[in-house]
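What follows is a short report on a single structure.
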Amino acid sequence: MSKVLYCFLTVVLMVGCSQRASYRQNQGFVFGTIYNITYESATDWQSEIEAELQKVDNEFSMFNEQSTVARLNRGESVDTSAMFREVYLLAQKVNQDTDGAFDISVAPLVNAWGFGFKHQQMPTPEQVDSLLKIRDQMDFSAIAKGYGCDVVARLLEQKGVSNYMVEIGGEVVLKGENPRQTLWHVGVTKPVEDSLSTEGELQAVLTMTDRAMATSGNYRNFYYKDGQRYAHTIDPRTGYPVQHNILSATVLADDCATADAYATSFMVLGMDGAKAVLARHPELEAYLIYTDAQNCLQVWYSPTLGEKIAE
């Protein structure tokens with residue numbers, strides 16, 4: 001190679017590197033939690049991002065009195081949007097695939113046990129039986145955050161952004177590279193009883209990209225009454241809080257709404273049920289944390305996930 005050609009190539013490479021856009025970080029408050037979005041772009045898209053998140057809130061928020069779900073829960077006649085129908089159909093699909101473990105009509109039971117958007121006294125067995133028969137309210141909280149991540153990811157893709165991390169309340173969508181030009185690193189929180197969310201010790205760190213991840217757990221939203229611990233995950237099939245030994249379910253999927261829904265389902269199904277679903281769905285991966293007979297923390301994860309766990 002001639003000296004002139006070598007110098008030309010060097011200049012081209014240097015110019016190419018200098019033109020790479022910087023990474024931006026947008027933060028804010030949505031769906032009752034914090035969002036953090038990191039992406040490589042010459043343009044700040046935060047206003048557009050928040051506009052998209054507001055659309056999701058307008059459809060699925062239980063606290064927005066004018067949201068589509070709130071109006072439907074009041075019995076109003078509503079022309080549903082393509083966004084609402086997309087999430088509703090996904091919820092029904094996961095419901096059927098998990099034999100009812102994921103159910104957006106569980107809201108009355110969640111509220112009756114003292115969780116959710118309304119707080120009532122602990123229900124009697126008769127009240128539980130009655131609520132099991134009459135499902136007149138929908139609650140998308142177990143899928144809306146994941147879907148919100150997907151909506152932001154779609155927006156960034158439309159804007160030509162190929163490297164990003166979208167995180168809303170612990171649900172994540174990853175694409176491309178991080179600012180260090182390596183794969184993204186995402187932590188799985190160690191499940192310790194922490195109702196105030198003050199602890200942040202990590203159980204594991206996953207190294208990955210082009211993937212979505214969601215976690216569901218019973219170690220933060222719970223209460224004790226008469227010596228009995230009641231977790232916020234309600235089994236839609238029985239009407240009672242789950243009592244099995246799984247503490248945290250982290251699911252990886254191609255989109256975050258799907259990961260979110262299955263993470264919640266696995267908390268209802270328990271270890272054996274979750275493994276049965278995973279056996280039918282090779283496109284899903286899971287990192288499950290549970291307690292053994294000695295009440296010690298144990299971990300099970302999909303074999304394909306092993307290469308993603310950082311040492």
Side-chain angles (χ1 to χ4, degrees), residues 23 34 36-40 98 142 145-146 149-150 153 162-194 197-220 233 244-311:
Y23 277 78
I34 303 296
N36 293 276
I37 303 172
T38 301
Y39 56 98
E40 183 185 27
T98 59
K145 285 193 300 181
C149 290
D150 292 331
S162 57
N163 297 306
Y164 58 78
M165 177 183 73
V166 179
E167 184 264 328
I168 303 176
E171 323 300 26
V172 182
V173 175
L174 306 166
K175 182 70 179 294
E177 298 176 336
N178 64 25
R180 296 183 299 279
Q181 298 183 26
T182 62
L183 299 182
W184 297 93
H185 290 68
V186 184
V188 177
T189 303
K190 189 172 185 177
V192 296
E193 290 195 354
D194 179 26
S197 302
T198 57
E199 300 294 332
E201 183 179 357
L202 297 181
Q203 180 74 35
V205 175
L206 305 182
T207 303
M208 57 187 178
T209 191
D210 301 341
R211 205 75 164 124
M213 185 182 99
T215 298
S216 182
N218 279 329
Y219 53 95
R220 285 184 174 167
T233 300
H244 51 64
N245 64 342
I246 187 169
L247 299 177
S248 170
T250 295
V251 175
L252 279 66
D254 293 331
D255 65 273
C256 204
T258 296
D260 207 358
Y262 276 104
T264 298
S265 302
F266 290 174
M267 292 303 302
V268 172
L269 293 169
M271 293 294 297
D272 292 339
K275 291 179 182 180
V277 171
L278 290 165
R280 300 196 304 268
H281 291 281
E283 76 278 10
L284 300 178
E285 297 171 293
Y287 188 98
L288 308 177
I289 306 174
Y290 64 99
T291 53
D292 60 19
Q294 287 72 43
N295 204 36
C296 295
L297 286 184
Q298 300 292 342
V299 169
W300 179 93
Y301 53 82
S302 302
T304 55
L305 200 58
E307 62 186 18
K308 297 182 176 72
I309 300 175
E311 297 295 335

(message) Before you tell me yes or no, could you show the steps for Tyr164 and Ile37 under side chain to side chain contact (heavy atoms under 4.5 Å, CB included), namely the whole-Å CA-CA distance, both residues' side-chain angles and the distance that decides it to 0.1 Å?
(response) CA-CA 7 Å; Tyr164 58 78; Ile37 303 172; 5.6 Å; no
(message) Using side-chain heavy atoms (C-beta onward) and a distance below 4.5 Å, is Val188 in contact with Leu202?
(response) no
(request) Can you measure from OG (Ser302) to CG (Leu284) and round to the nearest 0.5 angstrom? (result) 8.0 Å
(message) Filter on salt bridge (charged side-chain N to carboxylate O under 4.0 Å, His left out), then keep only pairs touching residues 264-283, sequence neighbours left out; what's left?
(response) Asp97-Arg280
(request) List in chain and number order the residues that pass ring-ring contact (aromatic ring centres under 6.0 Å, His included) with Tyr290, two or more places apart in sequence or in another chain; answer none if no residue qualifies. (result) none
(request) Check whether any side-chain heavy atom of Val205 lies under 4.5 Å from a side-chain heavy atom of Val186, and answer yes or no. (result) no
(request) Answer yes or no: is there a side-chain heavy-atom contact under 4.5 Å between Ile246 and Met267? (result) yes
(message) To the closest 0.5 Å, what do you measure between CG (Leu288) and CG (Asn245)?
(response) 10.5 Å
(request) Could you tell me which non-hydrogen atom of Asn163 sits nearest to which non-hydrogen atom of Trp184, and how far apart they are? (result) C-CZ2, 4.4 Å
(message) His281: which residues meet the ring-ring contact (aromatic ring centres under 6.0 Å, His included) condition with it, sequence neighbours left out?
(response) Tyr262
(message) Side chains of Asn178 and His185, heavy atoms from C-beta outward: is any pair under 4.5 Å?
(response) yes
(message) Testing the basics here: between Ala153 and Val173, what is the closest heavy-atom pair and its distance to 0.1 Å?
(response) CB-CG1, 3.9 Å
(message) Give me each pair satisfying salt bridge (charged side-chain N to carboxylate O under 4.0 Å, His left out) with a member in residues 175-189, each pair once, sequence neighbours excluded.
(response) Arg20-Glu177, Glu157-Lys175
(request) Kindly indicate whether the side chain of Pro179, heavy atoms from C-beta on, has any atom under 4.5 Å from the side chain of Thr38. (result) yes
(message) Test side chain to side chain contact (heavy atoms under 4.5 Å, CB included) on Ser265 and Val277; report intermediate values, then the result.
(response) CA-CA 10 Å; Ser265 302; Val277 171; over 6 Å; no
(message) Under a 3.5 Å distance rule, please check whether Lys145 uses its side chain to pair with a backbone N or O of Gly169 as donor and acceptor.
(response) yes
(message) Donor-acceptor check, side chain of Ser248 to backbone of Gly217, threshold 3.5 angstrom: yes or no?
(response) no
(request) Assess whether atom OH of Tyr287 is packed by more than 12 heavy atoms of other residues, nucleotides or ligands within 6.0 Å. (result) yes
(request) State the CG-OG distance between Leu247 and Ser216, to the nearest 0.5 angstrom. (result) 11.5 Å
(message) Testing the basics here: between Ala142 and Thr264, what is the closest heavy-atom pair and its distance to 0.1 Å?
(response) CB-OG1, 3.5 Å
(message) Going by salt bridge (charged side-chain N to carboxylate O under 4.0 Å, His left out), name the pairs with one or both residues in residues 254-269, residues two or more places apart or in two chains.
(response) Arg211-Asp254
(request) Could you tell me whether the side chain of Tyr39 reaches within less than 4.5 Å of the side chain of Met165, counting heavy atoms only? (result) no
(request) Please round to the nearest 0.5 Å and tell me the distance separating atom NZ of Lys190 and atom CD of Gln203. (result) 6.0 Å
(request) Could you walk me through whether Leu297 and Ile289 pass the side chain to side chain contact (heavy atoms under 4.5 Å, CB included) test, one step at a time? (result) CA-CA 7 Å; Leu297 286 184; Ile289 306 174; 4.0 Å; yes
(request) Could you tell me whether the side chain of Leu206 reaches within less than 4.5 Å of the side chain of Met213, counting heavy atoms only? (result) yes
(request) Starting at CG of Leu183, measure out to CG of Leu174 and round the result to the nearest 0.5 Å. (result) 9.5 Å
(message) Show the nearest heavy-atom pair for residues Ala212 and Cys256, with the distance to one decimal.
(response) CB-N, 3.4 Å
Extract all donor-acceptor atom pairs below 3.5 Å that involve side chains of residues 303-310 and protein atoms in other chains or at least two apart in sequence.
| unit_1 | atom_1 | unit_2 | atom_2 | d |
| --- | --- | --- | --- | --- |
| Thr304 | OG1 | Glu285 | OE2 | 2.8 |
| Lys308 | NZ | Glu285 | OE1 | 3.4 |
| Lys308 | NZ | Glu285 | OE2 | 3.2 |

(message) With side chain to side chain contact (heavy atoms under 4.5 Å, CB included) as the criterion, how do Val172 and Cys149 come out once you've worked through the C-alpha distance, each side chain's angles and the decisive distance to 0.1 Å?
(response) CA-CA 7 Å; Val172 182; Cys149 290; over 6 Å; no
